[in-house]
Asks: 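Before I ask anything, here is the structure I am working with.
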Number of protein chains: 2
Amino acid sequence: MTSERQPGPRGRLDREQILRTAVGLADESGTASLTMRALADRLGVEAMSLYHHVPGKEAILDGMVDTVFARIALPPPGLPWKTAMRQRAHAVRAALRDHPWALGLMESRADPGPATLRHHDAVLGCLRGAGFSLPMAAHAFSLLDSYLYGFLLQELNLPFDGAGELDTVADGILRDMPAGAYPHLTELITGHALLPGYAYADEFAFGLDLILDALERAVDAEQV
Amino acid sequence: MTSERQPGPRGRLDREQILRTAVGLADESGTASLTMRALADRLGVEAMSLYHHVPGKEAILDGMVDTVFARIALPPPGLPWKTAMRQRAHAVRAALRDHPWALGLMESRADPGPATLRHHDAVLGCLRGAGFSLPMAAHAFSLLDSYLYGFLLQELNLPFDGAGELDTVADGILRDMPAGAYPHLTELITGHALLPGYAYADEFAFGLDLILDALERAVDAEQV
DNA sequence: TTGACGGCCTTACGCCGTAAGCCTAGCTTC
DNA sequence: GAAGCTAGGCTTACGGCGTAAGGCCGTCAA
């Protein structure tokens with residue numbers, strides 16, 4: 001697994017393979033340990049060799065984000081817009097949970113790649129096709145993406161992975177808190193979040209459906 | 001402005017001043033150029049001296065986030081919850097626009113500081129005081145923060161600051177696009193976003209009010 | 001056979017965070 | 001005052017980072 005490159009005669013390295021390997025490396029150990037040297041090493045090559053295929057590390061990070069978007073299914077056509085947008089939101093969420101570093105890269109990265117553009121174009125196309133006016137499509141686009149990325153921002157930073165670890169972590173947090181200093185947070189954790197059956201991940205669907213329903217009302221009001 | 005420390009006899013350096021200077025440095029030139037050496041330099045001190053007051057750079061970044069939260073007004077009590085939550089959302093947004101690096105630091109930073117905890121406790125207190133059940137308060141809390149952070153994530157990454165620059169940037173983007181490859185994005189930009197009077201910042205209020213109204217309906221339905 | 005060239009390697013530079021240890025101002029204690 | 005302690009600075013050094021500059025050689029066209 002240390003070398004993903006066949007040690008063939010020559011020129012077996014290219015931009016695609018570099019990006020694929022970089023994504024794999026980030027998946028395993030995070031962006032912090034994604035260095036030019038580590039990446040080159042996994043490709044069985046020296047760090048400076050990468051610069052013959054890529055202008056610099058920034059370009060690799062740009063490409064990685066677009067690679068993730070390329071793997072996300074586009075909103076399926078032919079479905080009611082709410083269904084399509086719901087499926088699309090869950091698809092993006094699944095992809096960014098598979099590649100938790102991607103959200104962090106999206107911020108601070110200026111220009112989007114072709115897969116990213118195609119994805120967002122398809123989202124807009126779905127809304128427009130369902131009768132959204134241009135201003136209303138802009139509203140919905142901004143709102144849905146904001147909720148999606150914001151939820152992921154919080155979900156990915158939770159200091160635990162599954163439901164099992166929740167109580168341990170929460171216990172630690174509660175112990176660190178000055179007793180009674182944050183009564184409502186304490187109440188929420190002990191009286192709700194720690195109860196069996198609660199998982200923060202479930203909040204996603206609630207908010208998403210609430211937003212979709214509200215958007216539907218807004219579109220209906222507009223079309224009257 | 002290069003030294004914010006009086007060169008007094010001794011011990012004029014402390015955690016508070018280090019954090020304040022770090023925030024100032026990040027405001028001016030971003031987190032990328034916030035290095036221990038640059039920070040120490042501005043304080044008129046050598047890099048290693050900082051380690052007598054702070055365990056390491058991570059602790060400084062933690063402290064900076066909490067410093068920003070400390071400057072955000074808590075949701076004002078005595079107001080209807082929708083008004084309080086709206087004001088609070090705009091207050092957070094204003095603060096994170098003043099310190100654009102803060103959102104990036106929040107992600108990847110595990111344990112929140114006291115000001116952050118107090119802020120979120122106050123938000124929860126507002127909702128609970130308005131009659132939100134514990135589960136509904138959790139829903140609203142997650143939804144509002146997700147939208148807030150997600151919108152900021154997008155707004156802060158826009159490659160321009162004011163309305164004036166928009167057309168220049170958009171022109172460049174459109175020129176880079178293969179003609180006709182992204183029809184709906186093109187339509188949105190040329191037929192809406194570039195029109196005079198459009199500003200992405202205005203989308204914030206639309207989404208926020210839509211969410212607040214939808215939450216109000218959800219609470220009313222719950223209380224019946 | 002030869003020449004050019006593309007693709008990888010070597011070396012080196014100036015950054016970074018920080019471990020380890022020194023130096024001394026200023027206080028505490030007689 | 002003198003002695004001694006200690007907190008809070010400073011110096012030095014280490015390993016790792018991204019990448020500029022240039023060398024070396026396998027491959028292929030003429």
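Here is the naming used below: chain letters follow the sequence lines, and residue numbers restart at 1 for every chain.
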Asks: Would you mind checking if B:Glu155 and B:Arg93 are paired as a salt bridge, meaning a charged N to carboxylate O distance below 4.0 Å?
Replies: yes
Asks: Taking the six-membered ring of A:Tyr182 as reference, does the cationic atom of B:Arg118 (NZ for Lys, CZ for Arg) lie under 6.0 Å from its centre and within 45° of its axis?
Replies: no
Asks: Taking only nitrogen or oxygen atoms into account, show me every contact under 3.5 Å that the protein makes with nucleotides 4-6 of chain D, one pair per line with its distance.
Replies:
none

Asks: Distance check needed: C:dC8 P versus A:Asp41 CG, whole Å only.
Replies: 15 Å
Asks: Calculate the interatomic distance between B:Leu39 atom CG and D:dG9 atom P; express it in whole Å.
Replies: 13 Å
Asks: We want to know whether A:Gln154 and B:Ser146 form a side-chain donor-acceptor pair, criterion being a heavy-atom distance below 3.5 angstrom.
Replies: yes
Asks: Roughly, in whole Å, what's the span from NE2 in B:His52 to C1' in C:dC23?
Replies: 11 Å
Asks: Go through the steps for A:Phe151 and B:Asp145 under the test side-chain contact (heavy atoms from CB on, under 4.5 Å), then give the verdict.
Replies: CA-CA 8 Å; A:Phe151 187 88; B:Asp145 267 16; over 6 Å; no
Asks: For C:dG7, does OP1 or OP2 lie under 4.0 Å from any side-chain N or O of A:Ser49?
Replies: no
Asks: Are any non-hydrogen side-chain atoms of A:Arg88 and A:Leu74 less than 4.5 angstrom apart?
Replies: no
Asks: Return the set of residues passing ring pair (Phe, Tyr, Trp, His ring centres under 6.0 Å) with B:His52 (not counting sequence neighbours), or none when no residue passes.
Replies: none
Asks: Between atom CE of B:Met106 and atom CG of A:Asn157, what is the distance when rounded to the nearest 0.5 Å?
Replies: 8.0 Å
Asks: Please report, rounded to the nearest Å, how far the C1' atom of D:dC24 is from the CD atom of A:Glu46.
Replies: 14 Å
Asks: What's the CG-C1' distance between B:Leu13 and C:dA25, to the nearest Å?
Replies: 16 Å
Asks: When you get a sec, tell me which of C:dG7, D:dG9, C:dT10 is the closest nucleotide to the side chain of B:Val45?
Replies: D:dG9
Asks: Applying side-chain contact (heavy atoms from CB on, under 4.5 Å) to A:Glu107 and A:Tyr149, what does each step give before you reach the verdict?
Replies: CA-CA 10 Å; A:Glu107 129 195 60; A:Tyr149 296 140; over 6 Å; no
Asks: Name the pairs: protein N/O against N/O of nucleotides 16-18 of chain C, kept only if under 3.5 Å.
Replies:
unit_1 : atom_1 : unit_2  : atom_2 : d
C:dC16 : OP1    : B:Thr35 : OG1    : 3.2
C:dG17 : OP1    : B:Met36 : N      : 3.4
C:dG17 : OP1    : B:Lys57 : NZ     : 2.8
C:dG17 : OP2    : B:Met36 : N      : 2.9
C:dG17 : N7     : B:Arg37 : NH2    : 2.5
C:dG17 : O6     : B:Arg37 : NH2    : 2.8
C:dT18 : OP2    : B:Tyr51 : OH     : 2.6
C:dT18 : OP2    : B:Lys57 : N      : 3.0
C:dT18 : O5'    : B:Tyr51 : OH     : 3.1

